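First comes the structure, then the notes that go with it.
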Amino acid sequence: MNAPATWLDERRAEAANRFAALGVPHRRIEDWKYSDLKTAIEGANDDAAASWSVGTLPEGVELFDLSHANAPAWVQKHFGTLPQNAMASASFAHARTGFALRVSRDKAPGSLAVDFAAAGSARALIVLEEDASLTLCETNKASGFSNLGVEIVIGANAQLTHIRHAPRTDAVQVEEYAVRVARDGTYRAHLFNGGAKLSRAEFQIALAGENAQAHLSGVSVLGNGAHADVTTHVIHAVGHTQSTQLFKKVAGGKSRGVYQGRITVEQGADKSDSRQTAKALLMGTRAEADLKPELEIFADDVKCAHGAAVGDLDPNSLFYLRARGIPEAEARNMLVRAFLEEAVDEIADETIRATIWEAVEDALPKAMQP
Amino acid sequence: MSVARETKQQVAEIGEKYKYGFVTDIEMERAPKGLNEDTVRYISAKKAEPEWMLEWRLGAFARWKEMREPNWARVHYRKIDYQDAYYYAAPRNTPKKQSLDEVDPKLLETYKKLGIPLHEQMALAGVAVDAVFDSVSVATTFKEKLNEAGVIFCPISEAIRDYPDLVKKYLGTVVPVTDNFFATLNSAVFSDGTFVYVPKGVRCPMELSTYFRINASETGQFERTLIIADEGSYVSYLEGCTAPKRDENQLHAAVVELIALEGAEIKYSTVQNWYPGDENGLGGIYNFVTKRGDCRGDRSKISWTQVETGSAITWKYPSCILRGDDTVGEFYSIAIANNFQQADTGTKMIHLGRNTRSRIISKGISAGKAQNTYRGLVSVHPKAANARNYTQCDSLLIGGKCGAHTVPYIESRNPTARIEHEATTSKIAEDQLFYCLQRGIPQEEAVALIVNGFCKEVLQQLPMEFAVEAQKLVGISLEGSVG
C-alpha cells in the first residue's frame, strides 16, 4: 500500500466516519435484536486479514487483487459505491485484502468457486457486464471474528447465480452483501447455513431497472449451540420488478434461527411483485426461531404478500405415514427432509444442488436432536 | 338503504368540516401550565386522593424524568414540549349532580351532538354511560341496575376513595409504572378514567360504555382505565372517542389495564374518531396509548376490537399476556389513515401458559398521503406448550402517495407451538370497482362498499351499536380519497 490512490482513500475515510458514527451493532439496535454482535466480539479485533482464494479463471473473467495498487477503471468505478451499513462500512474502511471480479459483456463462463477462510475482514467486488452470466459458488469457513463485505453489480440483462455454502463453525461471522440489479438483470442466491457462534448474512438488494429480478432461497440447519441470522432487504426502486424469497430453518438443541426480511416498494414502483415466505421447525424447547417478514410499501399498484410459520411437523402427515407402517423416527426424518427440500430445489444446477443437499444431510442429525 | 348511501348523505350534511369539530364554551378550572412535582400534587389534591396514591404518582414522575421518548415507531411529529401544556382541566361547576336536570345544559347539548343516548333511550339501547368530559366524570347512570348485580362501574378517582383495596391490588400490575415513556407519564398525571369490577360468576347485565372527549384547548388528556373481571365473570366494554377541532396538536396518553381471572372474559371495543388534522396535515390529536390485558387465570379470555379512524398520530398496541393455561387472546383492528395521518398500531401476544391461543386480524387502509403501519409481536415462551397463533394483516392502498407497512415479529421457543402469519398488500381491485360502477353505484359509494367488505371480519366483532357507527366512519374517513 504505497501508491496514492486518492479515490480509494476518500471512500475509505467516508466509510470509517460512517462506522464511527454507527458503532458496532448490538441488541438494542432494532435490526440486530436477535444477534448481539457487540457482546459476541468483545475483545476480538477485525484488523486481521481474512484469506480468500478464487478457482481457475474461465475465459471472459478478469480478476484483480484488491491489495494491489493501480486498480483498473472498472474497479474504481464500482468499488465502494453501493450502500454500506455499519459492518459493511467497517470492512470497507479496514480491509486491505480482497478481490474484484469482472465478467465481460456477453460472456457466460459457467461457474467459478470462491473461498473465504480465517479471521479478519475482506472485501469483494463482483461485476457482471451487460448480457453476461455467471454462477458463483462461495464457501465461507470463517474462524474467530470475520467480517466480509461483498458488492455485486449486475448489468442489464446479466444473470448471476450465487451459491453461499457456510458450514458449521465456531466463529463470529458477519457477511454483508450489497447487490444492484440493472434492467432485465437477475440475481439468484441460494444459501446453506450450518450456523456459527454468531452468523449474520445480510443482503441489501436494489432492483434498479425495469424487469430486474431477485430470487432468494435458503436453508439453515442448526445443531446445538448454532446461531444463524439471515437478514434481507429487497428494494423495488422502479416498477415492473420481481422478487421471491423462500427460507426454511430447522433448529435443534440450544440454537437460534433468525430471519428478518424487509421488502421496500418505493413510490411509483407500480406493478412490482414480491413474495416472501419463511418457515421454521423447532426440535426442542431450547431452540428458538425469530422471524420478522417486513413490508414497506409506498406504491399502490403492487402485489406483495408474505407468510411466516413456526411450528412442529404436521401431526396429520406424521399420522398418515405411521398408519402406513413407517416408524415415527423415520417418518419425522422424511418430513423434515421434505420441508427443507422445497428450498434446496430452487437451485437449478443439478451438481450444485447435490453438493448443497449433502451439506444438509451432514448437518441434519445434529439439528434433529432436541 | 345501503350504508354507503347513508355515508354519502352524512358527508354531504357535514360538508368539508369535521363532524365533531365544535368547541363547548364552558369555564375551565386548570392546573398551572407545565409539568413538575407541584402539578402532580395539585392533581392529586384536586382529586382528594389518599397519601399512597400521591406517593405512587410521585414515584412515577421521578422515573419519567429519567426516561426518553421512544422513537422506533414509524411516525414523525414535531417535538412535544411537555412543559407547554396543561395537565389538568375540569369544568368549574362540579358539585355532585342528583339528576340530569342539574347537569349544565351546554354539556348536555355537547352530548347530544355526539349522539350519546343519555336519557330514556338508554334503557332501550341497554347502555350505561359514564361520560368523561375533560377529565371529570359528570353523569353516571344505571348505577342501580349495576349495583344489583354487584358490578362496580365508576370514575377511577371515586374507586381510589371507595375501593382502595381493589385499586391497590390491581393498579399498575399489567402496565407497570415504568413500562414506557407515555405510560409512566400517565401514571404521574392521570386525571381520571374508569374503574370496573365484575364480581365472581357475574355476567355484566349490559354493555358498559364511556365516551371520552377532549375539550379544553392545549389540554393533554390522561385517562386511566382499570377493568377487573373476577372468576367466571363476563363484561363487554365500549370506548368511543371524539374531539373538537383544534389547530394545536393535543397529546393524549391513556393507559388501559384489563385483568381476567380464572374463566373470566373481557371484551373491549374502541371506536376512535379523534380530530385527525386538516387536509394539509395541520393539527390533530397525538394518540399515544398503552393498552394491555392480562389473562391471569386459567381459561380466561380477552378480546380487543378497535376501529381507528382519527388522530393525526396513532401509537397504540393493545396486547394480551396469556399467563393462565388455556387462555385466549384476540385482536381485531381496522386502522384507516387519510390525508397526512400516521398510524403505527398493532398488538403483542405473549404466550406464557399451556394451550394458549391467539388470533390477530388487522386491516389497514391508507389513502391520501397517509402512512399506516402494522407492528405486532407474537412471542411463545418455552413453557407454552401447544400454543397456537394465527395472524392475518391485510393492507389496502388508495392512491399512489400513501404507504402501508407491516412489521410482524415472531418469536417461538416451544416446538409444539404453531404460529402462522399471512400478510397481503393490494389496492382496490379494478374488476370489483367496475362491477359496482356498471350497476350504477357511484365511485365514492363503491369504494365505501368495497372497503366495508374488506373490513367485514373486524366489523362483525363489534357490538351492534358500534358496528353501525363504525361502518359510517369508514365511509367518512375516506371521503375525498378517490377520483
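Model, not experiment: these values are computed from the prediction. Every chain is numbered from 1, with letters handed out A, B, ... down the list of sequences. Quick note: numbers below take in every heavy atom, side chains included, and nothing from hydrogens, waters or symmetry partners.
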Quiz item: Based on non-hydrogen pairs under 4.5 Å, which of B/Pro382, B/Ala387, B/Ala404 is most in contact with chain A?
Solution: B/Ala404
Quiz item: Who pairs with A/Ile326 by side-chain contact (heavy atoms from CB on, under 4.5 Å), at least two apart in sequence or on another chain?
Solution: A/Leu321, A/Glu330, A/Ala331, A/Met334
Quiz item: With chain A, which of B/Cys393, B/Cys402, B/Ala385 has the greatest number of heavy-atom pairs at distances under 4.5 Å?
Solution: B/Cys402
Practice problem: Give the member of A/Ala309, A/Ala289, A/Gly311, A/Gly307 that has the highest number of heavy-atom pairs under 4.5 Å with chain B. | Solution: A/Ala289
Quiz item: Among all residues two or more places apart in sequence or in another chain, which pass the side-chain contact (heavy atoms from CB on, under 4.5 Å) test with A/Val336?
Solution: A/Val250, A/Leu281, A/Met283, A/Leu313, A/Leu340, A/Leu364, A/Met368
Exercise. Look at A/Ala278, A/Pro293, A/Pro370, A/Ala299 and state which one has the largest set of heavy-atom pairs under 4.5 Å with chain B.
Key: A/Pro293
Quiz item: Under the side-chain contact (heavy atoms from CB on, under 4.5 Å) test, which residues partner A/Ala196, sequence neighbours left out?
Solution: A/Thr169, A/Gln173, A/Ser199
Exercise. Name the region of A/Ala287, side chain, backbone, both or neither, that has any atom closer than 4.5 Å to a heavy atom of chain B.
Key: backbone
Practice problem: Could you tell me which portion of B/Ala423 (side chain, backbone, both or neither) has an atom closer than 4.5 angstrom to a non-hydrogen atom of chain A? | Solution: both
Quiz item: Out of A/Ile263, A/Ile297, A/Val302, which one racks up the most heavy-atom pairs below 4.5 Å with chain B?
Solution: A/Ile297
For chain B against chain A, give me the donor-acceptor pairs closer than 3.5 Å, one per line with atom names and distance.
residue	atom	partner	partner atom	Å
A/Glu30	OE2	B/Tyr409	OH	2.6
A/Lys33	NZ	B/Glu411	OE2	3.1
A/Tyr34	OH	B/Glu411	OE2	2.5
A/Ala289	N	B/Ser412	O	2.9
A/Ala289	O	B/Ser412	N	2.8
A/Leu291	N	B/Ile410	O	2.7
A/Leu291	O	B/Ile410	N	2.7
A/Lys292	NZ	B/Tyr409	OH	3.4
A/Leu295	N	B/Thr406	O	2.8
A/Leu295	O	B/Thr406	N	2.8
A/Glu296	OE2	B/Arg74	NH2	2.2
A/Ile297	N	B/Ala404	O	2.9
A/Ile297	N	B/His405	ND1	3.2
A/Ile297	O	B/Ala404	N	2.8
A/Asp300	OD2	B/Gly399	N	3.4
A/Cys304	O	B/Thr425	N	2.9
A/His306	N	B/Ala423	O	3.0
A/His306	O	B/Ala423	N	2.9
A/His306	NE2	B/His421	NE2	3.1
A/Ala308	N	B/His421	O	2.9
A/Ala308	O	B/His421	N	2.7
A/Val310	N	B/Ile419	O	2.9
A/Val310	O	B/Ile419	N	2.7
A/Asp312	N	B/Pro415	O	3.4

